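Whatever order the structure lists them in is the order used to number ligands and atoms, beginning at 1. Position 1 is the first residue of the sequence, and the numbers go up from there. Note that this is a predicted model, so its numbers are computed, not measured.
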Amino acid sequence: MQRLELHKEMTNSAATTCFVEASVYQIAGVSRFTDSSQDMLVKKAGSATDPLWYKDAIIYELHVRAFQDSNGDGIGDFPGLVSRLDYLQELGVTCLWLLPFFPSPLKDDGYDIANYVDVNPSYGTLEDFKRFLAAAHQRNMQVLVELVINHTSDQHPWFKASRLAPPGSPERNFYVWSDTDQIYKDVPIIFRDTEKSNWTWDETAKAYYWHRFFSHQPDLNFDNPAVMEEVLKAMRFWLDLGVDGFRLDAIPYLVERDGTACESLPETHAIIKRIRAAIDADYTNRFILAEANQWPDKVLPYFGNDDECHMCFHFPLMPRIYMALRQEDRLPITDIIAQTPTIPDGCQWGLFLRNHDELTLEMVTDDERDYMYFAYSADPRMRINSGIRRRLAPLLDNNRHRIELLNSLLFSFPGTPIMYYGDEIGMGDNIYLGDRNGVRTPMQWNSDRNAGFSTAVPEKLYFPVIMDPIWGYQAINVESELADQSSLLHWTRNMIALRKLFRVFGRGTLEFLNPENRKVLAYLRCYDDAATNTNETILCVANLSRFSQPVSLDLSQFAGRIPVEMLGYVPFPAITTQPYPLTLSPYSCFWLELQPAPETHELSETSRVSL
Ligand code: NOJ
Ligand code: CA
């Protein structure tokens, strides 16, 4: 199990503060060592030891409110989350992304922040958060929190002061005010089911304020340097506590300019560079993840020159995975990957199948959107804004083969997989709850009262648990899936464990093969690193069809190698210069490690994962 040991070493925790090693550098042509006692920079390290840790991470997105209630008030909290960390560690996740847990009126599930530097009392105290952070780090898990800086709640003291302050005053300038709603007129409305304009008239201020999201979420004014300073202060607050990174919410919309779409402006990129520089100056091994819902070429600038975000979500890939599945044709996937540019060395794509929002269809054409609505949202209640508000398992008709297939793509495509809580057990949704809340119901732990989430009377829960005969907690819960070796939970754990044995998934290259049968998606993942003596070549073959499919692959460049099926460690016939035939059952997927021929190399035991 060398790989496993290597992995453990790679992700071991470090002390929270470290000294950057003394370096040799040139001043006026003279080389000297930095004086360790005087010049040495002190940077605060994150909990991971490898600066590129996020490339190998398995990220798990969860809401504290939805995970585990510890005090019976019907609302999940930090002590509850701590009590479930063992579960997450055993699942194999290495990084937790927490949805916003700050003081908030909760009109947008916490993305309406009223105080950036505290914990919502419903979820616990700051001390509880610190205890959670230490407990996560102790388990070698990194922690990612939200930096929602495009807007605040209208209940934030900055906004309360701003609407009262005279025009032109520093307080007023914290937000974007105007006497007219006729500027920035062509900027699209994102929450178009609820908002009619991006401007709202404020009776107190006698002016309009700008908001890209709900009208209770006024946009901060990044033309005011004081705003930037406050944002950096909030960021440092959490970094000093030891969080390992941030998801940058709604990052394209920071700055507005008339006559533009007010998205991704150079001034916005200057702000992101400033954030990154502030992190790099004082901290190590931290990272930022951009929520930039844009086409791949428009996302590229968010990586900058390795000086903006370390990771960006790949928004356009996600709906095309669902499209390829329903059309039984690999083209939507290969086409969007072909449009995906190369990113700087230190950067990574964040891959996901579902999250806490609707399955967004902004990054598809009108025809593709119509198709997705037709294929995946039979009931109009399933639609919201430009998307579909359903969870993974219901989207896939609870078909275990389809769920496994999509997860196998998530875990083997180039990038870091980001899972949404509950999807590992195939949780359902509740389309009768408003907004996107149908996918935010309590985690289903067991078949006890309230799914083991809370001891409160059921009426008191922040949202009802799911109770119908197919998706209800009596049928779908962690405890019963742990007891069932054939469950989706066990399958997911195995896939994560397997992925973690290989660096190629997080760091390797991708090359599509082009077999005649378009219902089959076949791709090579390769990673060659002389420094660590790592050479991994993996062939993934996925059948997107509901029927069995034959496929013939040109693998002649690997003639002599033995494909070894990675889950069962089963050697397949050796590759020759002839087309390599495979037969795939409906929705099945092979991960095959292409090992050197046996005469030069004994089939290595190191690839085996214990099942
Ligand atoms: C993006 C978040 O993912 C979403 O949940 C939220 O409503 C908007 N940003 C506004 O903050
Ligand atoms: Ca509670």
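- A side-chain donor from one of D240 and Y283 sits under 3.5 Å from a side-chain acceptor of the other.
- Considering just the N/O/S atoms of D73, the one nearest the Ca ion (ligand 2) carries the name OD1.
- Atom 1 (C) of ligand 1 has its closest protein heavy atom at D249 OD1, 2.8 Å.
- Using bins of under 30°, 30° to 60° and over 60° for the plane-to-plane angle, the ring pair F313/W97 lands in the tilted bin.
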ring-ring contact (aromatic ring centres under 6.0 Å, His included) between Y302 and H269, worked out: CA-CA 7 Å; Y302 287 89; H269 284 287; 4.5 Å; yes

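- Classification of the H310-F287 ring pair by plane angle, with boundaries at 30° and 60°, yields tilted.
- Annotation: side chain to side chain donor-acceptor pair (under 3.5 Å) contacts involving residues 419-428, sequence neighbours excluded, comprise Y60-E424, Y87-E424, R391-D423.
- Heavy-atom proximity to E291, at under 4.0 Å, picks out these atoms of ligand 1: 1 (C), 3 (O).
- Using cut-offs of 30° and 60° for the angle between ring planes, the H216 and F214 rings count as parallel.
- The protein atom (non-hydrogen) at minimum distance from atom 7 (O) of ligand 1 is D108 OD2, 2.7 Å.
- By the criterion of a heavy-atom distance under 4.0 Å, the side chain of R247, and not its backbone, is placed next to ligand 1.
- Ring geometry for Y116 against H156 counts as tilted: the plane angle lies between 30° and 60°, on a 0 to 90° scale.
- Within the 3.0 Å limit, G72 places no N, O or S atom next to the Ca ion (ligand 2).
- For the side-chain contact (heavy atoms from CB on, under 4.5 Å) criterion with P296, the lone passing option out of L317, I336, I337 is I336.
- At the Ca ion (ligand 2), the vertex angle linking OD2 of D77 with O of I75 is 100° (nearest 10 degrees).
- Listed by atom number, the atoms of ligand 1 under 4.0 Å from R436 heavy atoms are 4 (C), 5 (O), 6 (C), 7 (O).
- Near F191, the atoms of ligand 1 lying under 4.0 angstrom from a non-hydrogen atom of the residue are 7 (O).
- Protein heavy atom nearest atom 3 (O) of ligand 1, with residue, atom name and distance: D357 OD2, 2.5 Å.
- Ranking the protein heavy atoms by distance from atom 11 (O) of ligand 1 puts H151 NE2, 2.8 Å first.
- The OG1 atom of T365 lies 11.5 Å from the CE atom of M372; values are rounded to the nearest 0.5 Å.
- Of all atoms in ligand 1, listed by their number and element, those nearer than 4.0 Å to a heavy atom of F213 are 8 (C), 10 (C).
- The atom of D69 that is an N, O or S and sits closest to the Ca ion (ligand 2) is OD1.
- The Ca ion (ligand 2) has no N, O or S atom of S70 under 3.0 Å away, backbone or side chain.
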